[in-house]
Amino acid sequence: MRIFVAKNYHDMSLEAAKVVADEIAQKPGIVLGLATGETPLAMYRELIRWHREEGLDFSQVITFNLDEYIGLPPENINSYRYYMQHNFFRHINIKLKNTHLPNAMAVDVDEECREYERQIAGVGGIDLQVLGLGQNGHIGFNEPGVDFALSTHLVHLAAATIASNARFFAAESEVPRLAISLGIKSIMQAKKILLLASGSSKARAVYELVHGAVSNNTPATILKLHQDVQLVLDEPAAMHISRA
Ligand code: F6R
């Protein structure tokens with residue numbers, strides 16, 4: 001696992017954007033796995049800037065997002081489709097048909113999960129998976145206790161995740177309880193993984209990821225078994241590992 005510790009959130013985002021842009025330069029038709037949440041926002045802004053100012057080309061890029069809340073239609077401002085359109089896709093020259101998120105409105109959720117996996121396999125798998133990190137060590141919506149053998153599946157969100165994500169909603173009661181998420185098995189099949197973590201609230205999970213044993217109590221620890229993982233952290237997120 002390679003670890004890059006940046007001074008602050010801005011520098012962390014710049015480094016992450018560089019990793020993504022370099023991969024696109026090497027493979028213009030790259031398949032990117034993408035995350036939502038607060039952490040990658042400035043990375044997306046940086047990639048948009050490079051698209052505008054330096055011609056970074058997304059015309060052949062294919063994306064698959066990690067997760068989506070069940071029951072939130074694309075036009076709902078808290079849906080991850082809305083987030084991706086608003087914060088990234090509509091500002092770059094990516095083709096809408098090349099952008100994928102689980103269909104939160106699917107009647108048959110299990111079939112939707114299988115279909116999502118088929119679509120990923122159909123384009124040859126994910127080349128670079130971008131991940132954030134939950135305070136409880138989740139990746140995607142793979143919560144503590146998750147079965148590492150699962151591929152894309154229906155998730156009952158952990159109470160801690162609902163409480164944490166309530167900051168984006170008018171009230172905690174409005175946070176959906178269910179989501180579709182890429183499973184650990186699917187994440188581990190990505191050829192490369194880039195995990196971002198910012199802020200002291202992530203420091204404990206980062207410590208477990210770097211120094212702890214592989215355990216589904218902290219799902220991110222599975223990444224220790226992947227052969228090509230890069231962590232891009234800011235100093236507050238790295239504070240326990242740098243002291244260790
Ligand atoms: C988002 C996702 C989540 C977040 C994690 C961190 O698509 O899968 O695992 O990456 O909850 O969220 P932030 O970045 O908001 O702290």
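For the single chain, residues carry numbers from 1 onward in sequence order. For ligands, and for the atoms within them, numbers begin at 1 and follow the listed sequence. Just so it is clear, the structure is predicted and the values come from calculations on it, not from any experiment.
- Distances between N or O atoms of G140 and those of ligand 1 include at least one value under 3.5 Å.
- Of all the heavy atoms of T39, the ones lying under 4.0 Å from any atom of ligand 1 are found in both the backbone and the side chain.
- Of the protein's heavy atoms, L133 O, 3.5 Å lies nearest to atom 6 (C) of ligand 1.
- Near L66, meaning under 4.0 Å from one of its heavy atoms, ligand 1 places the atoms 8 (O).
- The residue E143 has no part lying near ligand 1, judged by heavy-atom distances below 4.0 Å.
- The aromatic rings of Y207 and H211 are tilted relative to each other, their planes meeting at an angle between 30° and 60°.
- Ring orientation note: the planes of Y69 and F141 are tilted relative to one another, at an angle of 30° to 60°.
- The ring of F58 has its center no closer than 6.0 angstrom to the ring center of F89.
- Proximity of a side-chain donor or acceptor of Q85 to a complementary backbone N or O of R90 within less than 3.5 Å is not detected.
- Within the 4.5 Å cutoff, the side chain of E235 has heavy atoms near those of the V5 side chain.
- Here is the list of ligand 1 atoms found below 4.0 Å of a heavy atom in G37: 14 (O), 15 (O).
- For ligand 1, the atoms sitting less than 4.0 Å from at least one non-hydrogen atom of D67 are 1 (C), 2 (C), 7 (O), 8 (O), numbered in the order shown with element in parentheses.
- By the criterion of a heavy-atom distance under 4.0 Å, the side chain of K202, and not its backbone, is placed next to ligand 1.
- Of the N or O atoms in N165, none lie within a sub-3.5 Å distance of an N or O in ligand 1.
- Side-chain atoms of E143 and N136 include a donor-acceptor pair closer than 3.5 Å.
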Side-chain donor-acceptor contacts of residues 215-223 below 3.5 Å, not counting sequence neighbours, with atom names and distances?
residue	atom	partner	partner atom	Å
S215	OG	N217	N	2.9
S215	OG	N217	ND2	3.3
N216	ND2	G145	O	3.4
N216	ND2	V146	O	3.0
T221	OG1	S215	N	2.9
T221	OG1	S215	O	2.9
T221	OG1	T218	O	2.7

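- Residue H138 has at least one N or O atom closer than 3.5 Å to an N or O atom of ligand 1.
- Each of the following atoms of ligand 1 lies closer than 4.0 Å to a heavy atom of G132: 10 (O).
- No more than 12 heavy atoms of other residues, nucleotides or ligands shown are found within 6.0 angstrom of NZ on K185.
- Ligand 1 has at least one atom lying under 4.0 Å from a heavy atom of R167.
- Between D127 and L32 there is no side-chain heavy-atom pair separated by less than 4.5 Å.
- Both the backbone and the side chain of T36 come within 4.0 Å of ligand 1, judged by heavy-atom distances.
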